Amino acid sequence: MGKTLVFVGLFLGVLAFLVQGYAFIDANSQTFDEAAHIAAGYSYIAKGDFRLNVEHPPLSKELAGLAVYLRFHLPFDPQPELWQKADEWMIGRDFLYHSSVSAEEILRMARLPNLFLGAALVALVGWWTYRLWGAWPALFAGGLAAFDPNLIAHSGLVTTDLPIAFFIFLTMYLLWEYQLRPSLGRLVAVGIAAGLTLATKFTGLLVFVIIGVLILLQAFGQEKGEEGLDFRSRLRQSFAPFLRIVLVGLLVIPLFYCIYGIPVWAQGLRYQMARAEAGDPHFYFLGEHISHGRLAYLPVAFLIKTPVATLLMIGVSLLLWRFGAGLDRRSALFLLVPPAVYFAAMVVTRVNLGLRYILPVYPFLLVLAGRVGTIHLGKSLALSRMCGVTALALTAASSLMVAPHQLAYFTELIGGPAQGHRYLSDSNLDWGQDLKGLKTYMEREGIPVIYLSYFGTGPPSGWGIRYQYLPAWVENIQDPDLNERVPENGRQILAISVVNLQGIYFDAERDRYRWLESRTPLTTIGHSIYLYDITGDRDAHANLAGIYEGLNLQELANLEREKARR
């Protein structure tokens, strides 16, 4: 297969990725952190002030903010008291929902930079695979990346997860190229890519750990050369380029902080370290509430949120490492050490909040999966290539079946997204992304007001949703109207986010909505919001009355008690 056909195939894969990503952007409303990230990024561009959202470096937020700034030129005048307190959540809500441009338009524009980074990642996966093993492997790896539901979902959101995956992968690819043809320009390119990684997320520091481990393993595995260098000498010689990479990377960071530079970056790093030490008691794993993270969380999340056919291709490539274009030592180090180090580091931190924390492992494993296209099964490559095409088709079908709701993707082995809530939660399934879908449902069914318990930081009213308040989380940001009432005549629909149904953030009141588990949902919105028809349901209204009484909302309690009586 000629190079031209490979480029055409990868171009079509990138195009397919962009189409899926744009459909995801269009279908999904604001997720939990997006308003804060967008407002922070916009403030960096408009004011040159970095007080908002110090817990993350600025690069991905600046890209989102710059896109919005160039497109809309919106004024940025937060309330002085909120600005003084650096209240990113309230400032983010006001910026997104009280600007002259709609929240939907701002979100769409802010999300596009990450989508283009995702498309670049797909292309780079295919290109590196082509450089390693040729045409068919490149098409397989690029195709798997183009239809991977996790890459698609996180490319459509204003978060740091996809950018850090791209920049780590880019850094390692450039290092691979540098070692093939050493030059000062290539070494500087590695350092710049590493600096972009550090300017994206603090876990980007792991890129230096990864490079250090690679150098150690390479030096350890080399045989004594003609110059007679021992291990220590080889190590010293190898670490000279490493120190230059570190220096260039650190010099890149201040470029994204204007005049503030390293001190602000260090402040954010200290914040993250203190946060990690404090821990988080709100985790959900395999149907249980857990107060401390589990080591098994991310391995399980990887297995049940990665398409089965993709897993099989990765497994076959590893098991048959001697066959086909054998997995030589250098390729194995570059493709296995980075995901192994990153994966292990994330597992040890026990931050059990989502698969997104290990998103950087995917590009390396997808390149590895592409090697299946070189393995001889029998006397020819035809069978292995047929298997690769089949696996690619199955991955594409599995992903497209849940589109445009790839954030809630789970494999068919556990029953797909419909059963995902039995295993995981939070950003694996429900990140507050389905308010737009809920509004569409209400309009289609002619339902003016619903009962709603929503998990997220977006105000439902910002998406035109009228609802009778039910207790949720971060309600001060949602700003509910306590005067709204579900009419007594007509259908009475209760909508609840999966996270609230599970009770993850309710602490002492985790069983608040347990009574809904015995009922079959009328339908689900994007797999993250469950709808129940409680018209004429005496027990449901009695339970709602009890909830309102517990919150000292006596008028609402009396109203529900009267509905139960009738």
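Since the model is a prediction, treat every value here as computed from it, not as a measurement.
F24 is linked by a ring-ring contact (aromatic ring centres under 6.0 Å, His included) to nothing, counting only residues two or more places apart in sequence or in another chain. Every residue meeting the ring-ring contact (aromatic ring centres under 6.0 Å, His included) condition with H37, not counting sequence neighbours, appears here in chain and number order: H56. A search for side-chain contact (heavy atoms from CB on, under 4.5 Å) contacts involving A301 returns L355, L424, not counting sequence neighbours. The side-chain contact (heavy atoms from CB on, under 4.5 Å) search around K439 returns E443, I465, not counting sequence neighbours. Under the ring-ring contact (aromatic ring centres under 6.0 Å, His included) criterion, F166 pairs with no residue, sequence neighbours left out. Residues meeting the ring-ring contact (aromatic ring centres under 6.0 Å, His included) test with F140, sequence neighbours left out: W136. Residues passing the salt bridge (Lys or Arg N to Asp or Glu O under 4.0 Å) test with R186, sequence neighbours excluded: none. For the side-chain contact (heavy atoms from CB on, under 4.5 Å) test, residues two or more places apart in sequence or in another chain that qualify with L400 are Q20, F147.
Of the candidates F169, W176, F343, F364 forms a ring-ring contact (aromatic ring centres under 6.0 Å, His included) with just one, namely F169. Under the side-chain contact (heavy atoms from CB on, under 4.5 Å) rule, Q433 has a single partner from L157, I529, N28, which is N28.
Using a 30° and 60° split on the angle between ring planes, W127 and F7 fall in the tilted class, from 30° to 60°. Between W128 and Y173, the ring-plane angle classifies as perpendicular under the 30° and 60° cut-offs. A perpendicular orientation is assigned to the rings of Y97 and W463, their planes being inclined by more than 60° (bins at 30° and 60°). Ring orientation note: the planes of H154 and W431 are nearly perpendicular, at an angle over 60° on the 30°/60° scale.
The backbone N or O of L429 lies less than 3.5 Å from no partner atom in the side chain of S528, so there is not a single donor-acceptor pair. Put simply, the side chain of S425 never gets that close to the backbone of H421: no donor and acceptor are under 3.5 Å apart. Distance alone, capped at 3.5 Å, is enough to place a donor-acceptor pair between the Y42 side chain and the L74 backbone. Side chain of S398 to backbone of L394: no donor-acceptor contact under 3.5 angstrom is found. Panel note: side chain R51, backbone A86; no donor-acceptor pair is recorded below 3.5 Å. The main-chain N or O of G354 is never found under 3.5 Å from a side-chain atom of D426 such that the two would form a donor-acceptor pair. Formation of a donor-acceptor pair under 3.5 Å by the Q478 side chain with backbone atoms of G456 is found in this model. N352 places no side-chain N or O within 3.5 Å of a backbone atom of F283 that could act as its donor or acceptor partner. Within the 3.5 Å criterion, the main-chain N or O of T159 finds a donor-acceptor partner in the side chain of N114. No donor-acceptor pair closer than 3.5 Å links the side chain of S399 to the backbone N or O of A396.
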Is there a side chain to side chain donor-acceptor pair (under 3.5 Å) between Y357 and T203? Walk through the geometry before answering. CA-CA 9 Å; Y357 283 87; T203 52; over 6 Å; no

May I have the step-by-step check of ring-ring contact (aromatic ring centres under 6.0 Å, His included) for Y284 and Y505, ending in yes or no? CA-CA 10 Å; Y284 183 86; Y505 294 94; over 10 Å; no

Carefully, step by step, assess N428 and K305 under the rule side chain to side chain donor-acceptor pair (under 3.5 Å). CA-CA 8 Å; N428 297 299; K305 284 187 68 67; 4.8 Å; no

Y409 and I152: side-chain contact (heavy atoms from CB on, under 4.5 Å), yes or no, with the steps? CA-CA 11 Å; Y409 177 86; I152 293 167; over 6 Å; no

Given side-chain contact (heavy atoms from CB on, under 4.5 Å), test L70 with M109 step by step and report yes or no. CA-CA 10 Å; L70 293 176; M109 186 55 56; over 6 Å; no

Please evaluate residues L10 and Y130 with respect to the criterion side-chain contact (heavy atoms from CB on, under 4.5 Å), reporting the C-alpha separation (whole Å), side-chain torsions for both, the decisive distance (0.1 Å), and the verdict. CA-CA 10 Å; L10 290 179; Y130 178 76; 5.6 Å; no

Start with the C-alpha gap between W473 and I504, add the side-chain angles, then the distance that decides, and say whether side-chain contact (heavy atoms from CB on, under 4.5 Å) holds. CA-CA 10 Å; W473 197 51; I504 297 173; over 6 Å; no

Working for side chain to side chain donor-acceptor pair (under 3.5 Å), residues T395 and T310: CA-CA 7 Å; T395 292; T310 299; 3.1 Å; yes

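With a 6.0 Å radius and a threshold of 12 heavy atoms from other residues, nucleotides or ligands, R71 has its CZ atom at or below the threshold. Atom CZ of F202 has more than 12 heavy atoms from other residues, nucleotides or ligands within 6.0 Å.
Among pairs with a residue in residues 133-142, none fulfils salt bridge (charged side-chain N to carboxylate O under 4.0 Å, His left out), at least two apart in sequence or across chains. Annotation: salt bridge (charged side-chain N to carboxylate O under 4.0 Å, His left out) contacts involving residues 142-161, sequence neighbours excluded, comprise D161-K201, D161-R356. The list of salt bridge (charged side-chain N to carboxylate O under 4.0 Å, His left out) pairs with a residue in residues 115-134, not counting sequence neighbours, reads R131-E177. Listed by first and then second residue, the salt bridge (charged side-chain N to carboxylate O under 4.0 Å, His left out) pairs involving residues 78-96 amount to none (not counting sequence neighbours).
One finds a salt bridge joining R111 and E34 here, because a Lys/Arg side-chain nitrogen approaches an Asp/Glu carboxylate oxygen to under 4.0 Å.
Between L198 and P57, the shortest heavy-atom contact is O-CG, 3.4 Å. Of all heavy-atom pairs between S155 and G118, the closest is OG-CA, 3.4 Å. Nearest heavy atom pair, residue L63 against residue L117, reads CD1-CD1, 4.2 Å. Taking all atoms of both residues into account, the shortest heavy-atom contact from P78 to K47 is CD-CE, 4.3 Å. For the pair L335 and W133, the tightest heavy-atom approach, listed with the atom from each and the gap, is CD1-CH2, 3.4 Å. Closest approach of G13 and A146 over heavy atoms only: O-CB, 3.3 Å.
The shortest side-chain heavy-atom distance between I245 and L175 falls under the 4.5 Å cut-off. Proximity of P163 to L59: side-chain heavy atoms (C-beta onward) are nowhere separated by under 4.5 Å. I25 places none of its side-chain heavy atoms less than 4.5 Å from the side chain of L107. Using a 4.5 Å heavy-atom threshold, the side chains of Y342 and V209 count as separate.
Summarising the geometry, atom CG belonging to L174 is positioned 12.5 Å from atom OH belonging to Y178; distances are rounded to the nearest 0.5 Å. Note that CZ of F410 and OG1 of T306 are 11.0 Å apart. Values are rounded to the nearest 0.5 Å.
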